Amino acid sequence: MAVVAGQFLDALTREAAVAITASLRSHEGVRRRVASLLRATGADAGDAMVQSAMDRLIELLDASGVVEAALRASVLGCERARDAGIRAFFLDPKETYSLQELGDLWDVPLDDVLAIYREEAVEWSASHPRQPAAEMTVMWPDALGASLAFHVIRPFDIERALGRDFTRVRPENWKTLPVVLRLPQWIADRLQREPSLPSNLDLAGRIEQLLLASMQVSGR
């Protein structure tokens with residue numbers, strides 16, 4: 001049932017994204033802004049050039065999935081509920097968190113949390129044989145360190161949840177910038193199948209995770 005509901009939601013989101021991009025194509029205010037940009041670059045701002053730029057804009061928005069991602073981030077109640085959890089975790093934390101609570105916060109399966117705390121979970125299970133591993137608790141500083149080190153909470157999610165309080169947690173230069181990427185289909189397909197990345201991430205999230213991990217490894 002949840003799968004069907006998710007598919008229905010995906011279809012509605014896609015339909016809304018198509019409607020938004022279609023309205024942009026015929027929006028006179030947008031056309032005027034595009035014409036102004038063309039003139040600012042010294043390009044011809046005639047009707048044909050403006051139409052070509054508009055067509056390219058719609059093509060990029062549609063292919064990148066930016067509009068769909070923005071819709072999900074702005075209207076889904078589950079995101080707003082998760083925002084409250086992220087905000088409390090960073091600004092008003094509890095002393096300890098169970099592995100199940102961390103899974104809910106990070107929006108990943110319990111198995112992924114257990115993989116991060118593999119050694120600790122083995123030791124805990126040995127000393128608590130009658131309790132499920134999900135009940136193992138972690139001190140907040142350790143949970144915070146894991147959250148940032150493994151990038152299990154996306155920087156944009158932290159930024160959105162904290163709002164003006166973001167710089168209490170991270171420097172200003174950690175605020176995110178939207179980027180449109182063009183990838184060959186075979187690379188996108190391989191990234192979608194990459195087992196080392198969390199299964200709940202979409203393609204944009206997977207690329208983001210790889211970039212964050214590579215920059216951390218390089219020490220930058």
Side-chain angles (χ1 to χ4, degrees), residues 1-3 6 69 72-73 76 78-162 165-166 168-171 173-176 181 183 186-220:
M1 192 69 176
V3 173
R72 289 182 177 279
L76 293 184
C78 60
E79 291 290 349
R80 289 195 295 271
R82 186 166 181 245
D83 283 353
I86 293 172
R87 186 174 179 82
F89 179 74
F90 281 100
L91 302 179
D92 188 26
K94 302 189 300 181
E95 286 191 15
T96 62
Y97 288 82
S98 71
L99 296 194
Q100 185 60 64
E101 286 177 317
L102 291 179
D104 294 340
L105 175 72
W106 296 343
D107 192 27
V108 300
L110 179 61
D111 285 348
D112 289 351
V113 186
L114 287 169
I116 291 176
Y117 290 101
R118 181 179 292 108
E119 294 182 5
E120 295 91 334
V122 169
E123 294 178 4
W124 191 89
S125 295
S127 58
H128 301 79
R130 297 185 179 181
Q131 294 178 260
E135 294 182 6
M136 172 187 153
T137 58
V138 178
M139 298 295 292
W140 175 72
D142 186 31
L144 175 64
S147 298
L148 300 179
F150 291 95
H151 309 293
V152 283
I153 305 180
R154 295 177 65 183
F156 176 69
D157 291 337
I158 300 173
E159 181 181 343
R160 184 187 59 224
L162 298 187
D165 293 316
F166 178 79
R168 292 173 56 186
V169 173
R170 290 222 128 167
N173 64 3
W174 267 88
K175 287 190 174 181
T176 60
L181 296 176
L183 295 175
W186 70 269
I187 295 180
D189 292 341
R190 180 172 294 182
L191 287 173
Q192 294 284 30
R193 298 191 301 267
E194 174 54 49
S196 66
L197 297 170
S199 59
N200 65 313
L201 292 179
D202 58 13
L203 179 59
R206 285 168 172 256
I207 295 171
E208 180 182 292
Q209 187 87 352
L210 285 172
L211 287 172
L212 289 168
S214 66
M215 294 302 288
Q216 181 170 294
V217 169
S218 67
R220 298 182 182 178

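Note that this is a predicted model, so its numbers are computed, not measured.
Going from atom CG of D165 over to atom CZ of R87 covers 4.5 Å, rounded to the nearest 0.5 Å. Between atom CG of residue L212 and atom CH2 of residue W174 there is a gap of 5.5 Å, rounded to the nearest 0.5 Å. Note that the CZ atom of F156 and the OG1 atom of T176 stand 5.5 Å from one another [nearest 0.5 Å]. Within the model, atoms CZ of R170 and CD of E159 stand 11.5 Å from one another, a figure rounded to the nearest 0.5 Å. Here CH2 of W106 is found 7.5 Å from CD1 of I153. Values are rounded to the nearest 0.5 Å.
At least one side-chain heavy atom of L183 sits under 4.5 Å from a side-chain heavy atom of L191. No side-chain heavy atom of R168 sits less than 4.5 Å from a side-chain heavy atom of L162. Put simply, the side chain of I158 reaches to within 4.5 Å of the side chain of L148, judged on heavy atoms.
Considering all non-hydrogen atoms of both residues, A133 and S125 come closest at CB-OG, 4.2 Å. Contact record, E208 with P155: OE2-CD, 3.5 Å, taken as the closest heavy-atom pair. Nearest heavy atom pair, residue A146 against residue V152, reads O-CG2, 4.1 Å. Minimum heavy-atom separation, V138 to A143: CG1-N, 3.8 Å.
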Check: residues 109-123 side-chain donor-acceptor pairs under 3.5 Å, at least two apart:
none

Show me the side-chain donor-acceptor pairs of residues 89-96 shorter than 3.5 Å, one per line, residues at least two apart or across chains.
unit_1, atom_1, unit_2, atom_2, d
K94, NZ, E101, OE1, 3.3
K94, NZ, E101, OE2, 2.5

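R206 places a side-chain N or O within 3.5 Å of a backbone atom of E194 that can act as its donor or acceptor partner. Q209 places no side-chain N or O within donor-acceptor distance of the main-chain N or O of L197, the cut-off being under 3.5 Å.
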